[in-house]
Peer 1: 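Next up is a structure, given as structure tokens.
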Amino acid sequence: MALNCAMLDGDRNPIPLPNEVTVMTIDSGVDLVLTIPDMSGDGPKLRTLKASGRAWITDQRFLFTSGPNSAFDSLSIPLHAILSTKFEQPTFSGNYLSLEIHPSKDGGLTNGTQLEVRVKNQAMFQFVALLEKTRERAIYMKREAVQDAEDGPPRYDSPAGTSISLQGGPGPSSNIAEPSGAPPGYDA
């Protein structure tokens with residue numbers, strides 16, 4: 001996850017990554033509250049940043065761009081970096097989605113970063129369901145890619161000093177491979 005890192009075009013829309021597909025766009029009315037733990041200094045402190053703007057869910061990341069005069073310009077979160085999600089339904093205020101995020105190295109955030117997402121002009125439950133389903137698929141695809149890389153065919157090496165030669169001529173046993181040397185303790 002990175003703060004102020006998303007590449008934007010002239011209309012402040014994010015430039016897609018290679019092979020990235022946009023799943024959902026919310027053109028206005030998205031409020032974010034980003035809580036960043038600050039471990040430097042005398043003790044733990046919390047820095048809170050608030051912004052309003054637009055949001056995108058793609059098959060690879062959650063993106064946010066803010067309007068002018070906001071605490072931050074953009075936020076880009078790879079879906080696999082979302083550690084947990086929680087749909088909050090407070091009694092006296094609007095529903096929101098709480099995310100715990102694993103920060104990217106040199107992304108401007110620290111471990112323990114929390115994000116609250118509120119959507120004003122749209123059903124929040126639809127946004128939450130789509131984000132969670134897309135996140136689950138992205139994590140599944142990443143695990144499959146890692147497993148496919150590890151599950152390649154096994155490599156077989158012949159022991160040192162062992163050779164195999166093909167012997168035989170015409171006949172039914174001509175395609176059978178026989179070892180060139182007899183096994184230990186075998187007398188022919």
Side-chain angles (χ1 to χ4, degrees), residues 1-37 47-68 70-90 94-153:
M1 156 176 170
L3 192 61
N4 298 327
C5 187
M7 292 179 55
L8 305 175
D9 64 12
D11 295 328
R12 298 193 48 80
N13 294 317
I15 296 173
L17 298 173
N19 302 319
E20 185 174 37
V21 177
T22 301
V23 177
M24 180 181 198
T25 301
I26 302 175
D27 287 324
S28 65
V30 179
D31 292 335
L32 292 189
V33 177
L34 187 63
T35 305
I36 307 166
R47 184 172 59 150
T48 302
L49 304 174
K50 297 179 182 182
S52 295
R54 303 184 301 165
W56 291 263
I57 299 173
T58 72
D59 61 342
Q60 298 179 29
R61 58 192 174 150
F62 170 77
L63 296 152
F64 173 82
T65 60
S66 64
S70 293
F72 57 94
D73 190 45
S74 67
L75 181 66
S76 176
I77 307 170
L79 294 178
H80 61 84
I82 298 174
L83 301 177
S84 66
T85 62
K86 186 175 181 184
F87 183 60
E88 299 281 353
Q89 295 178 303
N95 297 342
Y96 66 93
L97 178 65
S98 177
L99 306 171
E100 182 181 354
I101 300 158
H102 178 71
S104 300
K105 182 179 179 190
D106 298 326
L109 303 170
T110 60
N111 285 328
T113 298
Q114 297 283 328
L115 177 67
E116 292 179 5
V117 181
R118 290 176 171 79
V119 180
K120 293 179 186 172
N121 303 324
Q122 193 167 345
M124 185 68 184
F125 190 75
Q126 177 189 6
F127 170 77
V128 171
L130 192 57
L131 179 64
E132 288 181 347
K133 185 170 183 141
T134 307
R135 174 182 167 257
E136 288 172 10
R137 178 162 172 75
I139 291 170
Y140 174 78
M141 296 303 285
K142 186 170 183 162
R143 285 182 184 153
E144 285 293 312
V146 169
Q147 187 174 15
D148 287 346
E150 291 174 355
D151 286 349

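Treat the numbers as computed from the prediction; the structure is a model and nothing was measured.
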Peer 1: Would you call Phe62 and Thr134 a side-chain contact if the rule is heavy atoms closer than 4.5 Å?
Peer 2: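 SC-SC contact between Phe62 and Thr134 ruled out.
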Peer 1: About how many Å separate CE of Met141 and NE2 of His80, when rounded to the nearest 0.5 Å?
Peer 2: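 Rounded to the nearest 0.5 Å, the NE2-CE separation comes out at 13.5 Å.
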Peer 1: Applying side-chain contact (heavy atoms from CB on, under 4.5 Å), run through Leu49 and Ile36 and close with a yes or a no.
Peer 2: CA-CA 8 Å; Leu49 304 174; Ile36 307 166; 3.9 Å; yes
Peer 1: State, yes or no, whether a side-chain contact exists between Trp56 and Asn13 at a heavy-atom distance under 4.5 Å.
Peer 2: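 Yes - at least one pair of side-chain heavy atoms lies under 4.5 Å apart.
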Peer 1: Under a 4.5 Å cut-off applied to non-hydrogen side-chain atoms, are Leu8 and Asp73 in contact?
Peer 2: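 In contact.
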Peer 1: Which pairs would a plain distance check flag for residues 17-30, meaning a side-chain donor or acceptor within less than 3.5 Å of a matching protein atom at least two apart in sequence or in another chain?
Peer 2:
{"unit_1": "Glu20", "atom_1": "OE1", "unit_2": "Leu17", "atom_2": "N", "d": "2.6"}
{"unit_1": "Glu20", "atom_1": "OE1", "unit_2": "Arg61", "atom_2": "NE", "d": "3.4"}
{"unit_1": "Glu20", "atom_1": "OE1", "unit_2": "Arg61", "atom_2": "NH2", "d": "3.1"}
{"unit_1": "Glu20", "atom_1": "OE2", "unit_2": "Thr58", "atom_2": "OG1", "d": "2.6"}
{"unit_1": "Glu20", "atom_1": "OE2", "unit_2": "Arg61", "atom_2": "NE", "d": "2.7"}

Peer 1: Are side-chain heavy atoms of Leu32 and Leu75 found at a separation under 4.5 Å?
Peer 2: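 Yes, at least one pair of side-chain atoms sits under 4.5 Å.
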Peer 1: Is a donor on one side and an acceptor on the other found under 3.5 Å between the side chain of Arg12 and the backbone of Arg54?
Peer 2: no
Peer 1: Can you tell me if Arg135 uses its side chain to pair, donor with acceptor, with the backbone of Leu83 under 3.5 Å?
Peer 2: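 Yes; at least one donor-acceptor contact below 3.5 Å.
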Peer 1: With Ala51, which residues qualify under side chain to side chain contact (heavy atoms under 4.5 Å, CB included), at least two apart?
Peer 2: Phe64, Ser66, Ser70, Phe72
Peer 1: Nearest 0.5 angstrom please: Ser98 OG to Phe87 CZ, how far?
Peer 2: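 With rounding to 0.5 Å, OG (Ser98) is 12.0 Å from CZ (Phe87).
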Peer 1: For Pro37, does its backbone N or O pair with a side-chain atom of Thr110 as donor and acceptor, under 3.5 Å?
Peer 2: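 Looks like yes, one N/O pair under 3.5 Å.
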Peer 1: With sequence neighbours left out, write down each residue that passes salt bridge (Lys or Arg N to Asp or Glu O under 4.0 Å) with Glu136, or none if nothing qualifies.
Peer 2: none
Peer 1: Just how far is it from atom CG of Leu115 to atom CD1 of Ile82, taken to the nearest 0.5 Å?
Peer 2: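 Here the interatomic distance stands at 8.5 Å.
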Peer 1: Is Asp59 salt-bridged to Arg137, going by a charged N under 4.0 Å from an acidic O?
Peer 2: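 Salt bridge flag = no for Arg137 with Asp59.
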Peer 1: Can you tell me how far apart NZ (Lys86) and CG (Leu97) are? Round to the nearest 0.5 Å.
Peer 2: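 The NZ atom of Lys86 sits 11.5 Å away from the CG atom of Leu97.
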Peer 1: Contact between Leu34 and Leu109 at the side-chain level, heavy atoms closer than 4.5 Å - yes or no?
Peer 2: yes
Peer 1: How would you list all residue pairs meeting salt bridge (charged side-chain N to carboxylate O under 4.0 Å, His left out) that involve residues 107-119, not counting sequence neighbours?
Peer 2: Glu116-Arg118
Peer 1: Kindly write out the residues that satisfy salt bridge (Lys or Arg N to Asp or Glu O under 4.0 Å) with Glu132, not counting sequence neighbours, or none if the list is empty.
Peer 2: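 Result, salt bridge (Lys or Arg N to Asp or Glu O under 4.0 Å) vs Glu132: none returned.
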Peer 1: List the residues meeting side chain to side chain contact (heavy atoms under 4.5 Å, CB included) with Asn111, not counting sequence neighbours, and say none if there are none.
Peer 2: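 Asn111: side chain to side chain contact (heavy atoms under 4.5 Å, CB included) contacts with His102, Pro103.
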Peer 1: For side-chain contact (heavy atoms from CB on, under 4.5 Å), just list the numbers for Ile57 and Phe127, CA-CA rounded to whole Å, side-chain angles, deciding distance to a tenth of an Å, and then say yes or no.
Peer 2: CA-CA 9 Å; Ile57 299 173; Phe127 170 77; 3.5 Å; yes
